[in-house]
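First comes the structure, then the notes that go with it.
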Amino acid sequence: MTTTLAPELNIARPAFEDAAASASATVATAPALLVEHVTKRFRPDRRKAPVLAIADVSLRLERGSIHGVLGANGSGKSTLIRLVSGLLTLDEGRVEVFGLDIERDELAVKRLINRVSVDAAFFKKLSPMENLLFAARLYGLEAEASRRAATRILGRLGIAQSRLGRPIEQMSRGMQQKVAIARALLTSPTLLLLDEPTTGLDPRSKLEVQAFIEEVNAMHDATIVLTTHDLAEAERLCDRITLLRGGRVVAEGTTPELKRLVAERYGQPETLEAVFMTFTGRSLDDDVEEDGETDD
Ligand SMILES: Nc1ncnc2c1ncn2[C@@H]1O[C@H](COP(=O)(O)OP(=O)(O)O)[C@@H](O)[C@H]1O
Ligand SMILES: [Mg+2]
């Protein structure tokens, strides 16, 4: 195996080992994620024209990177994440995860990725530990190993031992979100899809979750796709950024590259705000309705 899968979390999973081993030739050289000319339409109403949610999108993620997907509400961020995670089928194009085709090698790919959505679902009356153990059972992980892994993962979140048994609903939204990310780590994913993991959090919780994402990226050797409409977050966390508008990629690059581009080509200030405005045609103020609330 060429990828390091967080040894301390590498719960015995013969199926995973098989998948990785059989694919090791491809896995060795392939990018973490390759999205090629992907298109997705929704047609909720047969009498109306379909909505083009993702239009001819291509992306390439190097291993170990954090890749930001930015765009206004409705620009297609969640759809892209759901296509990559296999929750939605592609209309056109193809997606490879570590060299494995998400349609042809569906099962193997499922073991390499995990997704955390903005509204991660929990059993609110159960404790973080119970929620993790429940998830571990769904993932088909062995009971004793899952308990050890869950204890270790939760330990790193900084939840006091005395609070580990309390219902999750008594925790701050920030802590709940960290538990959601921690839960996704149970499967030792090598590609982690985080769909607006900090939207709706107060500034302090946001910083904590961001620090945790950095830690996951560094310690678990996880490649991360992160959607956000928080530009400071993108700037802090992301090695590269893709900007979506109406389901299309309108810009892609490192933060310094994108800033330089808007400054040199469009005479804009060298800020990520200017990048966002220039390429999405939206000001952030149009788009912050979920961002202003606090929870504690
Ligand atoms: N299940 C669905 N059925 C119909 N339309 C959808 C569905 N999911 C998303 N869309 C539409 O696709 C577009 C992109 O949505 P989405 O990916 O949720 O954007 P974002 O996450 O960037 O806010 C929007 O126009 C949205 O209304
Ligand atoms: Mg979304």
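Order of appearance sets the numbers: ligands from 1, and atoms from 1 within every ligand.
A side-chain donor-acceptor contact under 3.5 Å links Thr227 to the backbone of Glu196. A donor-acceptor contact shorter than 3.5 Å is absent between the side chain of Asp101 and the backbone of Glu96. Side-chain N or O atoms of Ser146 include none that pairs as donor or acceptor with a backbone N or O of Leu133 at under 3.5 Å. At least one donor-acceptor pair closer than 3.5 Å links the side chain of Asn217 to the backbone N or O of Gly64. Using a distance-only test at 3.5 Å, with no hydrogens or angles considered, no donor-acceptor pair links the side chain of Asp105 to the main chain of Ala108. With hydrogens and angles ignored, the 3.5 Å screen pairs a side-chain donor or acceptor of Asn131 with a backbone N or O of Phe123. Gln176 contributes a side-chain N or O that, together with a main-chain N or O of Met171, makes up a donor-acceptor pair within less than 3.5 Å.
At a heavy-atom cutoff of 4.0 Å, ligand 1 is surrounded by Phe42, Pro44, Val51, Ala53, Ala72, Asn73, Gly74, Ser75, Gly76, Lys77, Ser78, Thr79.
Expressed to the nearest 0.5 Å, how far OG1 of Thr79 lies from CD1 of Ile54 amounts to 5.5 Å.
For the Mg ion (ligand 2), the set of protein N/O/S atoms nearer than 2.8 Å consists of Ser78 OG, ordered by chain and number.
Test Glu270, Gln268, Glu235 against Lys259 for side chain to side chain donor-acceptor pair (under 3.5 Å) and you get one pass: Glu235.
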